[in-house]
Amino acid sequence: MTLNGWLQIALFFGLILACTKPMGLFMTTVMEGRKNWLTRALSPLERFLYRICGIDSTVEQRWTQYAVSLLMFSLVSALLLYLMQRMQQMLPFNPQHFGAMTPDLSFNNAASFVTNTNWQAYTPEATMSYLVQMTGLTMHNFASAAAGLGIALALVRGFARQSADTIGNFWVDLIRATLYILLPLSIVGALFLCSQGVIQNLHPYTVATTLEGAKQTIGQGPVASQEAIKMIGTNGGGFFNANSAHPFENPTPLTNFVEMFFIFLIPAGLTYTFGKMIRDMRQGWALFAAMSVLFLAGVVTAYHFEQSGTPLLARNGIELAATDAQSGGNMEGKETRFGIANSALFATATTDASCGAVNAMHDSFTPLGGLVPLFNIELGEVVFGGVGAGLYGMLMFAILAVFIAGLMVGRTPEYLGKKIEQKEVKMAMLALLVLASSILLFSGTTSVIQFAKNSYWNAPGPAIASLTNSGPHGLSEILYAYTSATGNNGSAFAGLNANTPWFNITIGLAALVGRFLMIIPLLAVAGSLAKKRQVPVSAGTFPTHGPLFVSLLVGVVVIVGALTFFPALSLGPIVEHLLM
Amino acid sequence: MPTLVAPEIETPAADAQFLAKGKRARKLFDAAIVRRALTDSFVKLNPATLYKNPVMFVVEVGAAVTTILLIRDAVQKTSGFGFDLQIWLWLWFTVLFANFAEAMAEGRGKAQADNLRKTKTESMARRLLSGGATETVPASMLRKNDIVLCNAGETIPGDGDVVEGIASVDESVITGESAPVIRESGGDRSGVTGGTKVLSDWVKIKIVSNPGETFLDRMIALVEGAQRQKTPNEIALNIMIAGLTLIFLLAVVTLAPFASYSVTSVGSGYMPSIIVLVSLLVCLIPTTIGGLLSAIGIAGMDRVMQHNVLAMSGKAVEAAGDVNTLLLDKTGTITLGNREAVEFICAEGVSEAELADGAQLSSLADETPEGRSIVVLAKQKYGLRGREVADHEATFIPFSAQTRMSGVDLDGRRIRKGATDSVRQYVEHQGGRFPSQVLEATEKISRSGGTPLVVSEDSRVLGVIHLKDIVKGGMKERFAQMRVMGIRTVMITGDNPLTAAAIAAEAGVDDFLAQATPKDKLDLIKKEQSSGRLVAMTGDGTNDAPALAQADVGVAMNTGTMAAKEAGNMVDLDSNPTKLIEIVAIGKQLLITRGSLTTFSIANDVAKYFAIIPAMFQLTYPALGRLNIMHLHSPQSAILAAVIFNALIIIALVPLALRGVRYRPLSAGALLRRNLLIYGLGGIVAPFPGIWAIDRLLGLAGLA
Amino acid sequence: MWDQMLPGLRLKIFMTVLLGVIYPLAMTGISQLLFPKQANGSLIASGGKVTGSELIGQAFSKPEYFHPRPSSAGSGYDAAASGGSNLGPTSAKLVRGTTKMDDKKNEVVDFDGVSLRIVHYSLENGISYESSVPMAQFKNPDGSLDDVRLIKAFNAEKSPLVFTPKAPIPADAVTASASGLDPHISPDSAKAQVSRVASARGIQVEQVNRLLGQFTEGPDLGLLGESRVNVLRLNLALDHAFPVK
């Protein structure tokens, strides 16, 4: 671990901290529909979209209507994406003449991109046409992120409002988030990335003759435009298989830094938006603080274990300590230009958020270094989290934390002046239960299921034959797959060959469950909270802005996650570490 | 320690006192109750009733599964029978312990109900017929609006209001207080309760409740828990622990395939047996809080009862903990009921002795507490003894609404005392002059919250008596604590705003409502509620009924009218308005106990993982032994120790659940920090030595 | 409920046009205008023929070239199949390698493994070492190493081969990158190869060192990322300055 490494982590965190307020303020302005510096340029387009889609932007929705709109939009989107993949051989922008994708893979992709998961069971550069990449994936990168942002806002409105029936309008939230926040950032981001070497073209793949005379086929495509929104919308689905480790997606440490910055930019800003909307900035900063603690703990752990490498590597005579002229540590599956510090930082950030882009192969991380991304997702990706998803996830934990501990001050627990009662607790527990059951049941089944000869689902024999690694690390690969899908992350312990109907369908289902069965209860909470009156703050009110609450929240997040997943983790990364 | 000082609940010694204060206080482990609870623990094993408690139901199912497996083992004579037998035993103990806790809490209520039931003998009533004649009918035949006549020595047949007559009534059945009370028609002392006894005189009573719905019936039902409905917070908490139970069920059930994968992959060791998996499950699910939750609720109600307060629902007790605003009647709650003379201020040219003499003379026949306090003050300050006025030719002038003065004509002296205006008029009418210095003095007294009484002799003003409301000792501290707890206190008084402000300042309440009418009171409650606050109040009169009904916590005085008692959701049998403050503390204590034990229960799991997980996979992954940080000596003893600890902690916490976590009036932040430290951090740490010690004992005893 | 379908469908279509067509095409247009080189893959062409991309690593095995890191992309530096090995660091396969039977029933290398890479790296670059079995025993008649036997020796249950280089091996030199297309190696790894390259080209070590110095990049902005050497660019410069006869 080097000073330089720590400085980069500090710089990254510092920059996020500095941008939280301006970003949060801007998002508040946009989402409340107030005039901002982009209004003049974009409001005609906004109004055009309302008109053409038949949306009355002045009418707000109850939580049920909001949920229905979200579901309908997702359903339509998923169907179209599915069809597009099935018919890509008939559509334009397919210079490599890729054929139709299989039904199960198409389902998996449709589920995965609609839910902001962006899991990739395939090698995109060998499977998917430019058209599908652009109109299917890039478009969903925007839409799923904008939807997440809307849902978070809806929940915040639930806290901010009193005796209200409605929590906002899904269509308006979706359009505003896309037009004013995601699109402008993506344009700037895409052009910057391109200037640094990220490709942006529609050419067929280039065939080069190497210096030693071999042929090398170099993938091409409209990468920068997808790369920008992939990070900004915490989507993470790469244009290439190697994702942000691919030099065409992430050519330099500078682009790497910017991409990491993009992951946290909106989620961090949302904590400020939250504070602003409930008119108590301290509450927003408290969430920010709790997230920061968890983030920094993750980075330090991952950085430490990746730099320490493994005794096996050391015994073989590999340099593990970093020097100026080589990065040392566990370099398997890491890029030279990023080294250990940036790989650990990226892995932490991408799984804190529901991004899932990777600049190093998580599967090749050390057991505990790899536990960090895995556990981050298992915590519900509430550390800044996905666009919107991080905030609503953290608010769900805040509700639970307040409920458990709030009783200890001798009052019906309340958060932000809203009493936390049956309905809130029920819905928060439901969300938690959905998360746990999807991860554990799918992983459990996969680790023992056997397939018969000629089974549609998978190659004959056990499902675990798809694993690259055996023993505890193999179990980690399974766990990671379903954790990532349920958490809508999309990163992988990529040793799992998941492009079979069994994996495609179960992972697709996990993504759908993890997204919608989490969102709907939370929208119900939003609806229920909006109806309530605000209890005025007094000395008897459990203060939810000080260090005490921050530590409580961190404690609840970690303990709930640890208690749920410790048995599984103990047979995966933990025992792998002890065996090392 | 003064009776009304709050710090009673601050120290352990005072804690006991706090409890002992209740007239119905019982020993925590009364032999009879324990005996009954022991049998009930087994009765409660019935799955048809246990399923309502999801956590303990899961334990019971686990125990039942273990039973079947144990029988199979016994038949097949497999090894490890001793271990399985012990697990089996302790799993059933876990359920029994939880049942015992609930039975204990219920038993205390039942004992009380039995006492009440004994007094509820079938009595005969004399119902008045329209013609004025009476007929004798059994009390159970009485219906609402019947009028009955009760003579001395008779038991009042049902709840009602006195419509005619006055009588002394023995209400010890209800209140536990043996001194008789006066019940009379009209006013706020008209309510009578069925089952109480008329000691002297007679009353005519209008019955207000149908049989089976009487106060006594409800009281019995309440304490017996028949009507015990789960309170909102309890339901929410139940949902949470049921949810956690499901999550742990998932974690344990899916551990089987993960273990199978691991065993196959490593090629050594065995799958953990079902008994071991059940043990892990039982250790993880929140059995501590699951087992004690209903006991905590019942005990909370019981604690209210021990303070001689009848809460009509658990919800009301819980709401008391949530109260933001307390409306307190000035008289009787904040101040001693009566004003007291504290000072004589002489007019110019009048000696103090002269004034004191005049004041005393004018008050000799004044039997009001104020009057008596004037006599006492004169005696104390100037050694003036009360004189036998009969020796003189004295004519006492009683207070009248017209003159607004009272006094005495004695040996030709006409001594009067009264309100400033009245005396002024009286003096000036006789050609006297009202000195401006006296006027100033009266104004000063008014401003300070006192009441000035001007004393005059003939046309001469002697001076002013300063009557003062005496704020009860310790109230200021108590209200300061309330403030710390975030509760706003509002004093309700009929006084003018000036007086009210001064008393409010002296008592240290946050706000006051002066010249309050019942409607003002109701409006204030509505206003507070509309801004999201919960309001508690006490009241006794019929005109308080709407406000009592409106308030979130309305405590009616037992001396009050039936209407008031019906309207409120609690009745204070001691009719002590100050008790509202204690009720709030009990409500808070109830919630704190639940929260603390929940936190403790969940925090406990950390240690159990460290005990059980390495033990389960000792053969497959010996490396996991490094997680055995307690150095438990064998896998069997580790699992057993965790299960035993899990069962014993329920029993160990029964007293805490029944007594409640000690409540301190602190700010929410301070309270949270404290409880998080004790029950959160303590919950994580405590099981480590506990499980370690049990493991050692098991080793020493050769049990595992 | 279904009344929400229509706005959903319409919005989906218009967003697809806006975000899926107009946005990427506009970005493509602007990028091609402003950053044509970068947008098209930072390609290096000589004499009208593309030799590769500055950003994409390519395979080098000849002694006169600096060698890149091991690659798991396809059969090595396959720029149409990026990816890493995805082996866990505790994986025996990663460390000791595996062999397999090919179609002709000959035993061949399945995965080379870190241990074997260390052997190659040490021997190629003249790093002294200690070995439990003399390396000569693993030599083929043509002097090359018998990788299959080495892998089997590393995997032997009884007294496996222990090979310990005397100088620490840079971690990146014997591990595969995440993309399999890592264009860089660490300066330390390059330094270790200098004498081999120099002797293969018949030039002075100093000359190679000078060139290496020119092509060693520090962290971006002096802070971000690691020091590194772009292998393709360095090799191109070598060919340019010191062509192999």
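Only heavy atoms go into these numbers, but all of them, side chains included; no hydrogens, no water, no symmetry mates. Below, chains carry the letters A, B, ... as their sequence lines are ordered, and counting in each starts from 1. None of these values were measured; they are calculated from a predicted model.
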(request) Report, by ascending residue number, the residues of residues 618-625 of chain B in heavy-atom contact with chain A at a distance under 4.5 Å; give 'none' if the set is empty. (result) B/Y621, B/A623, B/L624
Within this structure, what is the [atom1]-[atom2] distance for the pair [X] and [Y], rounded to the nearest 0.5 Å?
X      : Y      : atom1 : atom2 : value
A/L407 : B/E318 : CG    : CD    : 8.0 Å
A/S438 : B/L250 : OG    : CG    : 10.5 Å
A/L571 : B/M616 : CG    : CE    : 9.0 Å
B/K608 : A/L563 : NZ    : CG    : 10.0 Å
A/H473 : B/S265 : NE2   : OG    : 12.0 Å

Side-chain heavy atoms of [X] within contact of [Y], under 4.5 Å:
X      : Y      : value
B/L676 : A/M408 : yes
B/I684 : A/I559 : yes
A/V409 : B/I592 : no
A/P413 : B/N233 : yes
A/F566 : B/V606 : no

So for [X], is it side chain, backbone, both, or neither that comes closer than 4.5 Å to the heavy atoms of chain B?
X      : result
A/F403 : side chain
A/S551 : neither
A/R533 : side chain
A/L435 : neither
A/I464 : side chain
A/P462 : neither
A/I449 : neither

Under a 4.5 Å heavy-atom cut-off, does chain A meet the side chain of [X], its backbone, both or neither?
X      : value
B/S667 : both
B/R488 : neither
B/E528 : neither
B/L284 : neither
B/D605 : both
B/V266 : neither
B/F248 : side chain

Top residue by heavy-atom pair count (under 4.5 Å) with chain A, among [options]?
options                        : result
B/T254, B/I239, B/L671, B/D322 : B/D322
B/N675, B/L246, B/L590, B/V661 : B/N675
B/G669, B/G532, B/A670         : B/G532
B/L627, B/L280, B/L237         : B/L237
B/A251, B/A603, B/G587         : B/A251

Please find the pair of heavy atoms, one from [X] and one from [Y], that lie closest to each other, and give the distance.
X      : Y      : result
A/A568 : B/F258 : CB-CE1, 3.5 Å
B/L534 : A/K419 : CD1-NZ, 3.7 Å
A/E421 : B/A236 : C-CB, 4.1 Å
B/I247 : A/M429 : CD1-CE, 4.3 Å
A/S570 : B/I613 : OG-CG2, 3.4 Å
B/Y261 : A/G471 : OH-O, 2.7 Å

